[in-house]
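Working notes, structure below.
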Amino acid sequence: MRAPQVLCFGEAMLELSRSEGDSWRMGVAGDTYNVAVYLRRLGCDAGFMTALGRDEFSADITAAMAREGLGAAWCLTHPTRSPGLYAIRLDEDGERSFAYWREASAARAFFDCEGAEALLAAAGGCGVLYLSAITLSLFEEAGRAQVVTLAKAVRRQGVRVAFDSNYRPRGWAGAATAARAIEALAGAIDIALPTFSDDVAIFGDHDPAACAARWHALGAREVAVKLGGEGAFLSTPEGTAEVPAQPVAQVADTTGAGDSFNAGYLAARVAEHAPREAAAVGERVEQVSFLAPMG
């Protein structure tokens, strides 16, 4: 199977978001799925690896993937499980909170699905493998070890591994558990794309420079620390740079903003732009997502 330039691995979920009054709108989202969609919209060759069920909601997600040009070539089928569900509530500033119903989602049983071994082997043909802490949180310890094995295996084949320490506390037994899981994977990570507030919650970093230095010490070659409305802090072997945020007069919704930055950054890097330019592209894409979130 032909592997894409960027292969994102994680979970696509049903997303409930309030539309008008007491009405709710159902869509499809998930952090790594969002990145895959943004990459496709940016013209990047991207794929999404996950597991879904045989139910109608899984069919809806498959149809949404097809509309975005992702297809289902990297999607396994679980015979009895269904997609997870989450709901978003927004405050008056556009900041979001989440509620989840995903304990029995098909993606959590990815490694048990027929065809998993073949897909994992084919992943070594991609250019970048994109993972997140939410990907890790899908699995128990044995499954997380398989994610680490995958990352190390593809890296030996010349694949760059990119990672966002996207932290959702409800997905973990605690910050210490998340920290251990991330550190177990960190030695296989080339590109770290953390959000500073997440890494403060997990690791207690006191400033973006310290966050970047910790990632370098763990093995990452390039680090782009996302700072929300303050832009990003970029650190590579060539030095550091503060990348300003693009001004936004009125934030509509922050959902997926960090995912859009990651997609812009990775799309620019696979197009062989330098990290500084890639971070600027990420900020521009993030600005668009603030004004018109994915939906």
Side-chain angles (χ1 to χ4, degrees), residues 8-38 48-65 67-68 70 75-76 78 80-110 130-140 143-144 147 164-175 177-178 181 195 197-198 201-202 226 251-263 289-290 292-295:
C8 304
F9 178 32
E11 181 178 27
M13 304 177 68
L14 300 169
E15 177 192 83
L16 290 177
S17 56
R18 192 180 293 274
S19 53
E20 295 182 4
D22 293 328
S23 298
W24 289 78
R25 173 179 175 276
M26 180 173 286
V28 180
D31 69 332
T32 54
Y33 173 79
N34 295 345
V35 171
V37 169
Y38 280 123
F48 183 61
M49 186 164 69
T50 191
L52 294 169
R54 299 187 185 278
D55 57 290
E56 293 183 357
F57 289 113
S58 293
D60 290 341
I61 293 177
T62 301
M65 292 170 62
R67 288 193 297 270
E68 294 291 352
L70 289 170
C75 183
L76 300 178
H78 193 280
T80 59
R81 292 187 175 222
S82 301
L85 169 71
Y86 75 102
I88 299 174
R89 288 185 179 271
L90 299 175
D91 65 21
E92 59 185 13
D93 296 319
E95 288 295 337
R96 67 237 190 268
S97 60
F98 301 87
Y100 292 95
W101 298 268
R102 62 195 294 223
E103 289 77 8
S105 77
R108 289 180 175 268
F110 175 89
Y130 177 75
L131 308 166
S132 77
I134 294 181
T135 306
L136 290 174
S137 74
L138 293 173
F139 307 109
E140 299 298 330
R144 293 196 292 268
V147 177
D164 183 353
S165 53
N166 198 353
Y167 182 52
R168 296 289 179 266
R170 287 192 59 181
W172 297 95
T177 303
T195 296
S197 59
D198 287 337
I202 301 170
K226 300 187 292 291
V251 174
D253 186 348
T254 61
T255 303
D259 302 331
S260 63
F261 175 94
N262 294 349
S289 76
F290 274 134
M294 186 173 66

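All values below come from the heavy atoms of this structure, side chains included, with hydrogens, waters and symmetry mates left out. Worth saying up front: this structure is predicted, and the values here are computed from it rather than measured.
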For the [atom1] atom of [X] and the [atom2] atom of [Y], what is their distance to the nearest 0.5 Å?
{"X": "Trp172", "Y": "Leu136", "atom1": "CH2", "atom2": "CG", "value": "5.0 Å"}
{"X": "Ser17", "Y": "Met26", "atom1": "OG", "atom2": "CE", "value": "10.0 Å"}
{"X": "Asn166", "Y": "Asp259", "atom1": "CG", "atom2": "CG", "value": "6.5 Å"}
{"X": "Thr195", "Y": "Asn262", "atom1": "OG1", "atom2": "CG", "value": "7.0 Å"}
{"X": "Leu131", "Y": "Asp31", "atom1": "CG", "atom2": "CG", "value": "10.0 Å"}
{"X": "Met13", "Y": "Leu52", "atom1": "CE", "atom2": "CG", "value": "11.5 Å"}

By ring-ring contact (aromatic ring centres under 6.0 Å, His included), which residues pair with Phe48, not counting sequence neighbours?
Tyr33
List for me each residue that meets ring-ring contact (aromatic ring centres under 6.0 Å, His included) alongside Phe139, sequence neighbours excluded, and say none if there are none.
Phe111
Closest approach of [X] and [Y], non-hydrogen atoms and distance?
{"X": "Ala175", "Y": "Ile202", "result": "O-CG2, 3.9 Å"}
{"X": "Gly53", "Y": "Ser58", "result": "N-OG, 2.8 Å"}
{"X": "Ala99", "Y": "Arg170", "result": "CA-NH1, 3.9 Å"}
{"X": "Tyr38", "Y": "Ala263", "result": "CB-CB, 3.4 Å"}
{"X": "Ala12", "Y": "Pro83", "result": "O-CB, 4.4 Å"}
{"X": "Glu11", "Y": "Ala107", "result": "CG-CB, 3.7 Å"}

Pairwise side-chain contact, Phe57 with Leu85, heavy-atom cut-off 4.5 Å (strictly under)
no
Is there a donor-acceptor contact under 3.5 Å from the side chain of [X] to the main chain of [Y]?
{"X": "Arg108", "Y": "Arg102", "value": "yes"}
{"X": "Thr50", "Y": "Gly10", "value": "yes"}
{"X": "Ser132", "Y": "Thr32", "value": "no"}
{"X": "Arg81", "Y": "Ser105", "value": "yes"}

May I ask you to decide whether Lys226 forms a salt bridge with Asp164, counting only side-chain N to carboxylate O separations under 4.0 Å?
yes
Quick one, Arg67 with Val28, criterion side chain to side chain contact (heavy atoms under 4.5 Å, CB included). Give me CA distance, side-chain angles, the key distance, then yes/no.
CA-CA 12 Å; Arg67 288 193 297 270; Val28 180; 5.9 Å; no
Can Tyr86 and Leu16 be said to form a side chain to side chain contact (heavy atoms under 4.5 Å, CB included), step by step?
CA-CA 6 Å; Tyr86 75 102; Leu16 290 177; over 6 Å; no
